[in-house]
Number of protein chains: 2
Amino acid sequence: MNAALTLVGKGRHFASLGIREVTRQAGVVPTSFYRHFRNMDDLGLQLVDELGLVLRRMMREARNNVLQADKLMEESVGIFISHVQANRSFFFFMAQGLAGESRAVQEGIRSELRFFASELANDLRRLRLADHLSDADLDLTCDLVVRTVAFSLTDLLGVSPDDDYQIEQIRKRTTRFLQLVFVGAAHWQSGEA
Amino acid sequence: MNAALTLVGKGRHFASLGIREVTRQAGVVPTSFYRHFRNMDDLGLQLVDELGLVLRRMMREARNNVLQADKLMEESVGIFISHVQANRSFFFFMAQGLAGESRAVQEGIRSELRFFASELANDLRRLRLADHLSDADLDLTCDLVVRTVAFSLTDLLGVSPDDDYQIEQIRKRTTRFLQLVFVGAAHWQSGEA
DNA sequence: TACCGTTGTGTACAGTTGTTCACTTATGTG
DNA sequence: CACATAAGTGAACAACTGTACACAACGGTA
């Protein structure tokens, strides 16, 4: 799994990886692959599971560090970006998988995102930051937030990890996107659709 | 190019396509490939160009059909969805390319999206629908709109093209996302960041 | 009609791929 | 220690890959 991730981190697309290639990178004979996975799809699914862990760690850190509500978005986006930097390959895999070859991997990642959005909704409820929104409208908002951040991932992975200027631009832009969404949510009234 | 697109439409990922595979699908001998393209990346780039045409057609139709501002979003999302249905393979290619293997293709698609966002900003200015926003804030809003729609693409491509119920759900959800963004834009004041 | 540039063909080759099988080696538990 | 299970090995296979080359059919223009 590390080998596959490494290759993805080097810019290869997961869908184009072969068994021999992965085992070569892992420094192991091709047949060893079958001791652990049935095929590449299987490996992909297990990577999705590990990705889930990465996302949960990120969520936990965000929850711990965002105590006062006013800096909520800046801090969260910052944490997001630093986790992406620290687990670049994983997030490459995630970005690729969203439109990937394997339906199962695709669905796995999508469901991680859904989970993330629902946890976010819980937190906002708990912090009483969304009292005027119905459950459905809060879900809508959180879904949009997660999508926006997920799309920023594409930007982030497109620039070199030490191009601090560009990363800062992405950070600011993403933060403003979220502010825009929350301003929308603050003035949202259910009936208006 | 049609052959490659067909394979992508069948669920294959562009990055995993080979020259022989594509020529086989095209009903042509492998060597013929080199009469038209230097390699698969080259083919991808030419597909991006054609994708540009598809997007421009879509934009034109949206401009013609959205005369009264009140139904702007419903109509636009509808047009978007019908174009996706009519050019499914192209949009598969686009969704894949955003996190694809070839940096050039990736940048090409991204620049199509930027163009799209800037045209959208022009239109909104022209229709005087965004008079209270600075140019920068209007750009921000339009960028977010385009991203949101682009992400919906992933949802749309994930469901069967004749699953009318699910498509309708996506249509409604995407529309509401856009409404949320525009409510945000309407109440946005530059200073608040 | 003769000609030329474009597209397509057939053959060839060396390298890579996924998968199989019988085998050795490592690892941790009773 | 002995032993069962897990992990890794090496050789072999047929199938497939990208690419090269010399040659043939096509289409339009002079």
Side-chain angles (χ1 to χ4, degrees), chain A residues 1-53 89-90 92-93 96-97 99-109, chain B residues 1-53 89-90 92-93 96-97 99-109:
Chain A
M1 292 168 70
N2 285 336
L5 224 40
T6 302
L7 290 170
V8 166
K10 283 183 188 163
R12 300 291 316 280
H13 191 106
F14 184 79
S16 76
L17 296 182
I19 288 175
R20 285 187 113 101
E21 201 177 358
V22 171
T23 55
R24 199 180 309 131
Q25 167 76 31
V28 132
V29 102
T31 39
S32 281
F33 181 88
Y34 297 98
R35 298 288 173 197
H36 306 269
F37 315 100
R38 297 221 318 288
N39 49 44
M40 282 302 282
D41 262 28
D42 189 15
L43 199 171
L45 281 179
Q46 299 202 215
L47 276 180
V48 172
D49 291 345
E50 271 209 23
L51 174 66
L53 298 181
S89 309
F90 259 115
F92 264 107
F93 174 72
Q96 292 182 358
E101 183 154 80
S102 154
R103 189 53 64 109
V105 167
Q106 211 171 122
E107 190 45 48
I109 293 179
Chain B
M1 294 168 71
N2 285 336
L5 224 40
T6 303
L7 289 171
V8 167
K10 284 183 187 162
R12 298 293 313 280
H13 190 107
F14 184 79
S16 77
L17 296 183
I19 288 175
R20 284 188 114 103
E21 200 178 358
V22 171
T23 54
R24 199 180 309 131
Q25 168 75 31
V28 133
V29 100
T31 39
S32 280
F33 181 89
Y34 297 99
R35 299 288 173 196
H36 306 270
F37 315 100
R38 297 221 319 287
N39 49 43
M40 282 301 282
D41 263 27
D42 188 16
L43 199 170
L45 281 178
Q46 300 202 215
L47 277 180
V48 172
D49 291 344
E50 271 210 21
L51 175 65
L53 298 180
S89 309
F90 259 115
F92 264 106
F93 174 73
Q96 291 181 359
E101 183 154 80
S102 154
R103 189 54 63 110
V105 167
Q106 210 171 121
E107 190 45 49
I109 293 178

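Lettering of chains follows the sequences in order, A, B, ..., and the numbering in each one begins at 1. Only this structure's heavy atoms are used, side chains among them; waters, hydrogens and symmetry mates stay out.
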Legend entry - Close side-chain approach of B:Leu43 and B:Ile19, heavy atoms under 4.5 Å: no
Inset, instruction - With the side chain counted from C-beta on, respond yes when A:Phe14 and A:Glu101 share a heavy-atom pair under 4.5 Å apart, and no when they do not. - result: no
Inset, instruction - Starting at atom CZ of A:Phe37, determine the distance to atom P of D:dA7, rounded to an integer number of angstrom. - result: 10 Å
Inset, instruction - In whole angstrom, give the distance that lies between atom CD1 of A:Ile19 and atom C1' of D:dT17. - result: 16 Å
Legend entry - Polar pair under 3.5 Å, donor/acceptor by atom type, side chain A:Thr31, base D:dG8: no
Inset, instruction - Look at A:His36 and D:dG8 and indicate whether a side-chain polar atom (N or O) is within less than 4.0 Å of OP1 or OP2. - result: yes
Legend entry - Beyond-backbone contact of A:Val48 with A:Phe93, side-chain heavy atoms, under 4.5 angstrom: yes
Inset, instruction - Pick base, sugar-phosphate or nothing for B:Arg38, based on heavy-atom distances below 4.0 Å to the nucleic acid. - result: nothing
Inset, instruction - Identify whether any heavy atom of B:Phe33 sits under 4.0 Å from a base atom; if not, whether one sits that close to sugar-phosphate; answer base, sugar-phosphate or nothing. - result: nothing
Inset, instruction - For A:Leu17 and D:dT17, give me the distance from atom CG to atom C1', rounded to whole Å. - result: 17 Å
Legend entry - Touch class at under 4.0 angstrom, heavy-atom based, for B:Val29 against every strand present: base
Legend entry - Any B:Arg24 side-chain nitrogen or oxygen under 4.0 Å from OP1 or OP2 of D:dT17: yes
Inset, instruction - Tell me which nucleotide among D:dG8, D:dT19, C:dT17 gets nearest to the side chain of A:Ser32. - result: D:dG8
Inset, instruction - Side chain of B:Arg35 only, please: which of C:dT17, D:dA7, C:dG8 is the nearest? - result: C:dG8
Inset, instruction - Answer whether the closest heavy-atom distance between the side chains of A:Gln25 and A:Lys10 falls below 4.5 Å. - result: yes
Legend entry - Euclidean distance, atom CD of residue B:Glu21 to atom P of D:dT19 [Å, nearest integer]: 15 Å
Legend entry - A:Tyr34 vs C:dT19: side-chain N/O to OP1/OP2 distance below 4.0 Å: yes
Inset, instruction - Please determine, for the side chain of A:Arg20, which listed nucleotide (C:dT9, C:dT17, D:dG18) has the closest atom? - result: C:dT17
